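Notes for the one structure printed next.
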Amino acid sequence: MFQNYLKIALRHISRNKGYVFINVIGLGIALACCLIAFVNYQAGENADSYHENYDRLFMVVANGVGYTQPTADVSSALVPLAAEELSGVEAGVRFDKRGVTIQYGDAVFGEGLALADANFLDVFTFNVLAGDVNAMKDPSKILITKKQAKKYFDEETAIGKILTINPGQEGERQLEVGAVIEDVVAQSSSVRFEFLTNINFLETGPRPDTLSNWSNRVNASFVLLKNPADEAQVTQQLAKYIDARNQHTKWKRTKYLLEPMNGLFMKGNDINNNRLGRAVHPAFYWGPGIMALMILLTACLNFTNTTISFSNKRLKEMGVRKVMGGGRMQLMFQLLGESLVICLLAVAVGVILAEYLTPLYNAMWSSMDLALSLDYFQNTGLWVFIGSMILITTLLGGAYPAFYISSFRPSHIFRGNTKFGGDNWLIRSLLGFQIIISLVSIIGGITFAQNAAFQKSYDLGYNVDGVINVQIRNEEEYTRFKNVISENPSIQRIAGGRNNLGFGNWNSNVGNPEDNRSAQTHLIGEDFLEVMGLNLVAGRTFDKNLETDFTESVLVTQKFVKEWQWDNPIGQKIKHYYGNEKKVIGVVEDFYASSFFDKPTAGVFHFMKPDQFRVMKINVGKNNLVETNNYLKEKWTQHLPLVPFNSYYQDEALMEATMITDNVSFLYLFLAIISVLLAATGLFSLVSLNVLKRAKEIAIRRVLGATAENITYTINKHYFLVFAIGGIIGALLGGWFAGFLIDQIFKVTQGVSLISTILAVLAVCLVGGLTIGGKLLAVLQTNPAETLKSE
Amino acid sequence: MIQLKNIEKYYRSGLSKTYILKNVDLTIEEGEFVTIMGPSGAGKSTLLNILGMLEDPTDGEYYFFDEPVHKLRERKRNDIHKHYMGFVFQAYHLIDELTVYENIETPLLYRKVKSKDRQSMVAEVLDRFNMVAKKDLFPNQLSGGQQQLVGIARAIISKPKLILADEPTGNLHTKQGEEIMELFKKLNEEDGVTIVQVTHSEKNAQYGQRVINLLDGWVSTDEKV
């Protein structure tokens, strides 16, 4: 029986290549997109799960006065004490990261050095590829990833090599490579590192931090519970450490909380001061999934539509089979089996296609270091997903046709009065759905494309285009390099700062902690405002000749003035950033420091001397950026050969936003093209069928003198309605969804324009019109007499 | 074997009824060869379809081997249909995607006959109809007469007690038609299969033993040949 079904399915397929081709390709593309969206989602959902202790690991965070979200900023003294004293806690691990330069022979690179407690590798799971698994316990050792081992030592064995670590000012130290660790995949790890050593590193050296000090802090503190069910109990017990901390600092904490490792990766943005590195916006994980499902839905709708349309040919077979004794269930299984064969073919196409598309998708998100892959050998979830996709697609696309076709009575079929086609309300609704999805995707595509253009020309309120930033570590580097390059005429102005606009600006409390107010912190040197093109709207700027400006004066932004409702800001006194009371001497015009992701926030500028500088800002104008950057690099390597040259353009601050808008609009347009093509094939098969079914009627009407317009109207009056309803719903839904998505991601947008909706509707109508028109033309060119003769 | 009591078939359109069959009383004994005749639209095919359980009468009683078919559930009716009846159509109605062999085999699949038995049963029929050489051809590679032979082979493969034939020679040349009719006669006489055929041809009617004439849904005459 099964053989018989398979045989007939294959013969049916080989006789209807067009139908099979359309559906296998359509479903194949949809499944490829779903596969990529699935591994993309998995990457976020399963991040960190490779740690054996995944379920028992928690990050310690705290609620505090002045914070609306919990903060990762907890005292470095906390977790060792908790591990020692609390029965439910098996271990505590602190994790920190410092910028250092690492030197081996002539090679010098700026790197991030991770520091962790000795038990780090016992608690977290990272594979040691070579060397001593206990190297973490020896403060004279450093552990490096395979990638870094290759970078520094080529293919030689890295173990035992001595690296010179320079944390910045003084305190250069030699550490021996103790182990090589497998590379940490950025997309699946909250805890990431390239170089790792014992946290003891911080407590030694010329200016040691005392980690047992309650006022000290580390980037992240983790606890490993004996039993994950103890979470609530441990949370309660942690409360006893609140006072110890609060005695030592005025930024009071109210409660310690445990944030499970399970989900931390996705939640990273909801934790203040999360210094584990930039977490990814959750939309990045579910957004592509929604789009892929939309493609799948159109492909399935199309599958249903074309299957029904092509089923006229199957009617006789179904009738015969019923007469031969085939039950309805048997026939439904046969038809579903045929859908299954098509779905399996589509899966094959999808899997191959996904193999090609995955690297392209990874490359689209260049700055995110995305490394998705379809690993069929290890990823069992992928098989479950493919299995359920096959099931869903077969049922979604094949169930209705199977149900419908098997329902006819053989006596009606043989009498020849059973024909079906595009006049069924369900088929019309399916077409309506396709139109809606097409519109949603086109509107989204246009909206994001327009938004990209809008953002590119948007004035952020500061100089984004003509500034090169060079990383420096101390005053000596600043002064030396400034003197060297001042002679270059294309360099207009040079400034220094401790932090930089657009690259990780942080908030600090303003006033007293209980006021619950904060403002962005800008630590700037002389000429910073001028180089960055920030405008002063009241008062005066900092004066390097006035010693009091460094200690007693601040500038604030307009937004700050507004928040504090000052009529006359100049002369007001505030406490901000380490708490000294300072006097406002000027007001700076508002600007968007965080690219397009946030609105202008209240900000406070503090004046820094060159010994605090970490970045040198060089205004070179828009036109000779690259040229000047090369010049800077050349001069730097000449004069500071042992320090790596590290520069970046100011407009890189917008890079992520630009990448996101460009990519989202690209994905949307991809979706739009596919859904429009699929809708057009669906429409074409419907109209063809309708024309076929009504060939006689059309011929008679023409013999009776109907014009082309009359015929067009007669055939298409149902579709006009479908287009009208689908168009209205699609336009509304598309506008709403594009607006929703763009607001989720950006704070500076143009919104959804009327033009995008109108263009989308026009495009869909045009494609629909051409599809129908093409078919009609063919009908009108046949001789009605011929049609009638053959009927 | 078959007893019809007051069978009626009509369609309602508004308040009026359009009758296809009216007051049909009919008894057919096992082993009979019955011909149903009558002008177009007399209700011949409808009657045949009702006998074959492909259509339900609007009213009346239908006993098949004393089973009240009109009261039976769909499943039970399908069972009877499956086990006792074979159909032959004017337009042959072979499945185009299947070969001769597979077409003949299909009814056995629905009767869950084992693969080995199926092979021998199909082989036997092919042999009997002299079609062994053509078993791997598709219907469109055969002449009309050959296609109808396949149709009959398919109808008798599961050894039905009753064959219902709707103008079996309607699409065939005279010569081919005669061959087919001879075959029916042989099946009736040698195998004892009951045959009910619908035809326009007086000549074909001569092969049977009894002729029922329908006129506008009524049985107008019912006589032995």
Side-chain angles (χ1 to χ4, degrees), chain A residues 1-20 307 310-335 337-339 341-342 403 405-419 790-791, chain B residues 9 20 45-56 74-99 101-115 118 138-140 150-151 154-155 157-158 160 163-164 166-167:
Chain A
M1 184 63 105
F2 176 74
Q3 244 183 335
N4 188 280
Y5 284 168
L6 188 69
K7 228 182 287 175
I8 203 157
L10 292 178
R11 285 180 196 156
H12 181 64
I13 282 170
S14 71
R15 275 175 206 199
N16 293 289
K17 292 195 188 74
Y19 155 77
V20 175
T307 307
F310 276 82
S311 294
N312 261 329
K313 293 186 182 174
R314 309 298 301 277
L315 276 180
K316 190 186 95 183
E317 182 199 329
M318 291 299 125
V320 173
R321 283 182 181 275
K322 278 195 166 180
V323 172
M324 295 296 114
R328 185 165 176 194
M329 286 306 273
Q330 283 169 316
L331 297 186
M332 276 177 67
F333 275 119
Q334 180 194 343
L335 292 166
E338 288 173 21
S339 300
V341 172
I342 290 186
F403 176 79
I405 299 164
S406 63
S407 70
F408 293 104
R409 278 178 162 269
S411 54
H412 289 219
I413 294 174
F414 297 144
R415 221 173 268 153
N417 49 14
T418 304
K419 271 185 187 171
S790 68
E791 273 279 324
Chain B
K9 179 84 180 178
I20 313 289
S45 292
T46 305
L47 181 59
L48 199 74
N49 283 338
I50 289 175
L51 288 174
M53 297 173 196
L54 296 180
E55 254 177 272
D56 297 329
E74 173 106 19
R75 177 175 285 266
K76 181 77 180 144
R77 233 171 16 208
N78 279 347
D79 268 358
I80 297 178
H81 166 96
K82 211 160 37 176
H83 286 103
Y84 293 97
M85 298 177 182
F87 283 82
V88 178
F89 301 96
Q90 176 178 7
Y92 331 129
H93 289 329
L94 302 179
I95 299 177
D96 299 329
E97 283 85 0
L98 296 181
T99 61
Y101 183 97
E102 290 156 356
N103 262 294
I104 298 175
E105 186 189 26
T106 306
L108 300 179
L109 294 172
Y110 289 118
R111 285 163 184 77
K112 305 220 159 48
V113 178
K114 288 203 183 69
S115 159
R118 281 205 310 265
F138 285 92
N140 56 14
V150 177
R154 188 179 62 179
I157 184 79
S158 56
I163 287 182
L164 299 161
D166 194 353
E167 305 212 27

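Naming convention: chains lettered A, B, ... in sequence-line order (proteins, then strands); numbering from 1 in each chain. Just so you know, these numbers come straight off a predicted model, no measurement behind them.
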**Q.** Residues B:Leu109, A:Gln330; criterion side-chain contact (heavy atoms from CB on, under 4.5 Å); working and verdict
**A.** CA-CA 11 Å; B:Leu109 294 172; A:Gln330 283 169 316; over 6 Å; no
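- Between chain B and the residues A:Glu317, A:Lys316, A:His12, the most heavy-atom pairs under 4.5 angstrom are made by A:Lys316.
- Heavy-atom distances place both the backbone and the side chain of A:Val323 under 4.5 Å from chain B.
- A distance of 4.0 Å separates CD in B:Glu102 from CZ in A:Arg11, rounded to the nearest 0.5 Å.
- Of the two parts of A:Leu10, neither the backbone nor the side chain holds a non-hydrogen atom closer than 4.5 Å to a non-hydrogen atom of chain B.
- In this structure B:Asn103 satisfies the side-chain hydrogen bond (donor to acceptor under 3.5 Å, both in side chains) test with no other residue, sequence neighbours excluded.
- A distance of 7.0 Å separates CD in B:Glu55 from CZ in A:Arg409, rounded to the nearest 0.5 Å.
- Among B:Leu98, B:Leu108, B:Asn78, the residue making the largest number of heavy-atom pairs under 4.5 Å with chain A is B:Leu98.
- Both the backbone and the side chain of A:Arg321 come within contact range of chain B, judged by heavy atoms closer than 4.5 Å.
- Nearest heavy atoms, B:Arg111 versus A:Met324: NH1-O, 3.1 Å.
- Within the 4.5 angstrom heavy-atom criterion, only side-chain atoms of B:Asn49, from C-beta onward, approach chain A.
- The interface of residues 81-96 of chain B with chain A, defined by heavy-atom distances below 4.5 Å, comprises B:His81, B:Lys82, B:Phe87, B:Phe89, B:His93, B:Leu94, B:Ile95, B:Asp96.
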